[in-house]
Amino acid sequence: MAETTHGIGGLKYDHSKRERPQELNVFIALILIVAVFEGLGFWLMGQSFLFDSGDRFDSIFNEARLQIIILQVAIIGIIAIGVTQVILTGGIDLSSGSIVGAAAMIAMSFAQVAEVNGFPNPKGIFIEQGWVDLPVIVPIAVGLACGVVAGGINGALVAYTKIPPFIATLGMMVTARGVAKWWSKGQPISFPTESYSKLGAGMTPVVIFLALAVLFHLILRYTVYGKHTYAIGSNEAAARMSGINVARHKVMVYTIAGVLASVAAIVLSSKNLTAQSGMGVMYELDAIAMAVIGGISLQGGRGSVIGTVIGALIFGVIISGFTFLRLDAYYQEMVKGAIIVGAVVLDQWRQNKGGKT
Amino acid sequence: MADIILKTEGLTKHYGGVHALTNANFEIRKGEHVAIMGDNGAGKSTFVRQITAVEQRTSGKITFDGKEVAFEGPLDAREAGIETVFQTLALADHLDVSDNLFLGREKILFKLGPFSILDYKGMREATRAALQKTGVKIPNFRNTIQNMSGGQRQCVAIARTATFHSKLTIMDEPTAALGVQETAQVENIVRTLKEAGEPLILISHNMRQVMDLCDRIVVFRRGQIVANLKKEETDGQDVVAYITGAKTQPEYAEAAA
Ligand SMILES: Nc1ncnc2c1ncn2[C@@H]1O[C@H](COP(=O)(O)OP(=O)(O)OP(=O)(O)O)[C@@H](O)[C@H]1O
Ligand SMILES: [Mg+2]
């Protein structure tokens with residue numbers, strides 16, 4: 001009686017009729033979008049989007065393009081992982097882009113070399129104090145600490161003052177951007193140590209993104225932390241009545257989101273070999289878009305990190321597809337906006353169709 | 001008195017101007033099954049929410065298991081040994097049955113603080129056993145709660161309290177949405193509690209059920225306790241008279257005036 005393995009009370013249950021997982025739908029969407037760009041590519045450009053291996057025989061893919069796609073979403077993807085768990089609790093985090101800016105500036109100022117070409121570092125922030133040529137662990141620790149503080153404040157505001165997450169993190173968005181500008185009075189901070197500049201070099205952002213994605217997939221799926229994250233987003237009152245310390249859990253969730261934003265800050269500033277106060281502007285919206293495109297419900301409780309990763313890929317494919325079709329950047333922004341709204345509408349529609357709650 | 005498990009003195013709850021609960025003096029002994037009856041809006045669920053610290057009371061004193069308590073939240077109440085089936089059921093819609101059954105006290109495979117690894121297998125097996133006790137029919141208990149019927153949801157909530165040993169069980173209208181068979185099963189669970197000597201507060205509108213299962217009936221009316229009746233000394237008509245306001249016990253007359 002294979003049908004009734006999970007059944008109780010003698011009702012039949014047909015496994016083959018099980019609902020398709022959300023992630024599969026998102027993945028199909030990814031394939032369809034690639035197919036659209038392939039079609040447009042042949043029609044408008046006379047060449048393939050992803051399957052142009054440039055006369056090499058060892059591969060059918062255009063590896064260069066694939067690399068660009070994944071590299072350009074990796075850093076915002078790291079943020080999107082943190083934002084995903086915030087949205088799963090039914091919250092939102094608008095501050096991640098600004099946290100990137102502040103954490104990048106502050107971390108970078110502890111990662112500078114003493115001398116450039118034999119002269120004292122012209123951009124040196126802590127030359128007088130002698131805080132130069134520090135071991136790489138120092139800027140990493142300082143950067144992560146920025147994430148802990150900013151995320152922790154977000155979490156505490158949301159959990160204990162009952163300010164809506166939208167407002168609390170909007171405040172942090174403005175404040176952290178202010179910190180980023182104030183830190184060096186608007187000056188860019190450059191000339192990092194060699195060890196720091198390796199943190200975001202080459203494909204390391206991708207490796208870090210994927211490693212964090214796997215880690216957080218496992219955490220959300222197999223740990224108490226993950227279970228409580230979903231429970232709070234699904235029914236906060238029920239979670240509280242079941243004895244979950246909702247406030248403490250939210251502080252953890254927002255703190256981790258802040259930390260992931262600061263990881264992105266370190267990787268990004270290392271990759272660019274410089275930090276500027278405008279770093280990460282609008283990243284929060286891109287990260288939210290990746291999550292929403294990946295099927296994370298803005299109402300909380302639904303979705304997974306796998307969805308977000310696929311959402312990030314869709315995001316990258318679309319941007320890179322537009323570049324491939326030589327579409328103006330203006331159109332890219334407009335279409336990006338439309339896609340985000342479309343994903344939310346789709347989510348609403350799914351919720352309503354999903355029957356009684 | 002050592003054998004009183006829960007006692008409230010002057011328990012009062014106001015929601016702004018609404019006096020949902022006024023000066024409730026209530027007690028229940030170990031092993032005793034007490035029913036709370038009263039019309040809609042009489043303050044029964046409000047009373048439960050104050051005891052379990054889902055809300056903070058306006059005033060009054062609560063003594064549980066010999067000690068005066070001031071629970072800060074439902075977690076405290078649960079850890080002290082109060083298991084509750086809330087009228088709202090308190091289920092997370094997007095989680096499956098066993099997730100809900102163990103919500104807030106998951107079985108752990110490997111301890112790592114908040115990142116402790118869940119023992120899914122252990123929880124599923126325990127869930128199956130617990131559900132079989134309630135006799136509920138659930139075609140696939142890996143299904144999320146949102147796709148389940150009202151009665152199935154209620155059975156999950158009841159199975160949750162029945163799975164964990166407690167010093168006091170509270171059920172707020174546990175059989176309201178249940179079919180005949182499931183109601184009988186839940187009543188059997190209640191009888192098992194009685195045999196095990198576990199005390200119960202049962203809120204119900206079902207007179208037959210109350211008369212079958214409980215030793216004592218406390219009647220709420222407009223936020224106040226108006227009667228405290230031993231089962232042997234009363235009958236259905238008598239209780240209805242108290243519920244509707246045709247009668248009030250003399251010792252509560254001044255409060256209810
Ligand atoms: N959060 C709240 N804010 C304002 N008024 C409330 C609140 N909760 C309950 N009330 C009011 O308190 C009164 C008592 O409600 P309660 O839920 O305790 O009734 P009940 O006896 O459980 O009724 P039922 O049999 O319908 O479940 C009602 O008049 C209700 O409207
Ligand atoms: Mg009620």
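This structure is a prediction, so every number in the text was calculated from the model and none was measured. Per chain, numbering begins at 1; letters A, B, ... match sequence-line order. All values below were derived from every heavy atom in this structure, side-chain atoms included, with hydrogens, water molecules and symmetry-related copies excluded.
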*Could you walk me through whether B:H94 and A:S297 pass the side-chain contact (heavy atoms from CB on, under 4.5 Å) check?*
CA-CA 11 Å; B:H94 300 97; A:S297 167; over 6 Å; no

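- Across A:L218, A:V224, A:N235, the residue that shares the most heavy-atom pairs under 4.5 angstrom with chain B is A:V224.
- Taking CG of A:N245 as the reference point, atom CD of B:E72 lies at 10.0 Å (rounded to 0.5 Å).
- Among all heavy-atom pairs drawn from A:T223 and B:L118, the shortest one is O-CD1, 3.5 Å.
- For B:T88, the part lying under 4.5 angstrom from a heavy atom of chain A is the side chain only.
- Here the CE-CG distance, from A:M241 to B:L103, works out to 12.5 Å after rounding to the nearest 0.5 Å.
- Of all the heavy atoms in A:A238 and B:A92, the pair that sits closest is CB-N, 4.3 Å.
- For B:I117, the parts lying near chain A are the backbone and the side chain together; criterion is any non-hydrogen pair under 4.5 Å.
- Of the listed residues (B:A77, B:S116, B:G73), the greatest number of heavy-atom pairs within a distance under 4.5 Å of chain A belongs to B:S116.
- Considering OH of B:Y120 and NZ of A:K227, their distance stands at 3.0 Å, rounded to 0.5 Å.
- If you measure heavy-atom distances from B:F110 to chain A, you find no contacts under 4.5 Å at all.
- For chain A, the nearby parts of B:F115 are the backbone and the side chain; heavy atoms of each come within less than 4.5 Å.
- Between B:D99 atom CG and A:S234 atom OG the span is 10.0 Å, to the nearest 0.5 Å.
- Heavy atoms of A:A231 lying under 4.5 Å from chain B belong to its backbone as well as its side chain.
- Residue B:L112 does not touch chain A at all, counting heavy-atom pairs closer than 4.5 Å.
- Around the CZ atom of B:R105, the shell of radius 6.0 Å holds more than 12 heavy atoms that belong to other residues, nucleotides or ligands.
- Between the CZ atom in B:R78 and the CD1 atom in A:I244 there is a gap of 8.5 Å [rounded to 0.5 Å].
- No side-chain heavy atom of B:P114 sits under 4.5 Å from any side-chain heavy atom of A:R248.
- Proximity to chain A (any heavy atom under 4.5 Å) is shown, for B:R49, by neither the backbone nor the side chain.
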